[in-house]
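What follows is a short report on a single structure.
Naming: A, B, ... by sequence-line order, numbering from 1 per chain.
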2 protein chains.
Amino acid sequence: MSKYINVMNDIFKALNDATRREILDLLKQKDMSAGEIADAFNISKPSISHHLDILKRADLITSEKNGQFIIYSINTTIMEDVLQWILTFKQ
Amino acid sequence: MSKYINVMNDIFKALNDATRREILDLLKQKDMSAGEIADAFNISKPSISHHLDILKRADLITSEKNGQFIIYSINTTIMEDVLQWILTFKQ
DNA sequence: TATATATTTAGACAAATATCTAAATACTTT
DNA sequence: AAAGTATTTAGATATTTGTCTAAATATATA
């Protein structure tokens, strides 16, 4: 199995959850700490941490430690892969 | 929960499987019967039928009966929804 | 009408997933 | 150094998912 297929698997797996897509929508607007992100949902912090891990493994987000906080940012470049795949369906 | 979210859920759920993405890649090239599609994979016909059902529920494909055969076609218009969502991440 | 072909439906099962609580780790502040 | 805050890790559990075999349905052909 090619590397490309694994990448696409990880990306689509990451996108296959409404909470994770909402996290991306939040990060699209501004960088946020794990706690800030968790506060936006009625889900426990450990669960949000798990979602962040899946998004990170798919390279859809990056994280950087800032004191006690971990700040998450969106990585828009990886979306290019999905975009290219989608575009192959445009006629 | 809005209708839009359900649509996106169904689409992303459908795309979250390598076999289903391959089926779409096949149908991108030409319409095919369920049997022809199944022959392209080392998976049982009932399993492929199940995958086709998921793709159909997401409106990613359509089907038409032709004698004993059921011919599947891709529905590219639904990809527009995904495309638009992806494009919101471009800068 | 009987048989063959094409496809789906039903039911079972193992693996993956989303969630939770409790505990661990890491950093900050007093 | 102790206590507080932020986050993750560990482990458990219910639900969802992908797959299979067997059976049902629908159409075609001999």
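- Here the C1' atom of nucleotide D/dT17 and the CG atom of B/L55 are 14 Å apart, to the nearest Å.
- The CG atom of A/D39 sits 13 Å away from the C1' atom of D/dT5 (whole-angstrom rounding).
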Inset, instruction - Could you walk me through whether A/D10 and A/K13 pass the salt bridge (Lys or Arg N to Asp or Glu O under 4.0 Å) test, one step at a time? - result: CA-CA 5 Å; A/D10 286 348; A/K13 176 178 134 181; 5.4 Å; no
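- Here D/dG18 presents its C1' atom at 13 Å from CG of A/N9, a figure rounded to the nearest Å.
- Every residue two or more places apart in sequence or in another chain that forms a side chain to side chain contact (heavy atoms under 4.5 Å, CB included) with A/I37 is listed here: A/I23, A/L27, A/M32, A/F41, A/I48, A/L52, A/Y72.
- Residue A/M32 contributes atom CE, which lies 15 Å from atom C1' of D/dA6 at whole-angstrom precision.
- For residues 55-75 of chain A, the pairs satisfying salt bridge (Lys or Arg N to Asp or Glu O under 4.0 Å) are A/D53-A/R57, with sequence neighbours left out.
- Under the side chain to side chain contact (heavy atoms under 4.5 Å, CB included) criterion, B/E80 pairs with A/K90, B/L83, B/Q84, not counting sequence neighbours.
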Inset, instruction - Do nucleotides 17-30 of chain C as a string where each nucleotide becomes B, S or -: B if the base has a protein heavy atom under 4.0 Å, S if just the sugar-phosphate does, - if no protein is that close. - result: SSBBBB---SBS--
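- Sequence neighbours left out, the pairs with a member in residues 30-45 of chain B that pass salt bridge (Lys or Arg N to Asp or Glu O under 4.0 Å) are B/D39-B/K45.
- The phosphate of C/dT8 has OP1 or OP2 within less than 4.0 Å of a side-chain N or O from B/Y72.
- Looking at residues two or more places apart in sequence or on another chain, you find a side chain to side chain contact (heavy atoms under 4.5 Å, CB included) between B/D81 and B/V7, B/M8, B/I11, B/I78.
- What separates CD1 of B/I70 from P of D/dT27 is a distance of 9 Å, to the nearest Å.
- Counting to the nearest Å, the C1' atom of C/dA6 and the CD atom of B/E64 are 16 Å from each other.
- The CZ-P distance, from B/F69 to D/dA28, rounds to 9 Å in whole Å.
- Distances shown here put a side-chain N or O of A/S33 below 4.0 Å from the OP1 or OP2 atom of D/dT7.
- For A/I23 and D/dT7, the CD1 to C1' distance is 14 Å, given to the nearest whole Å.
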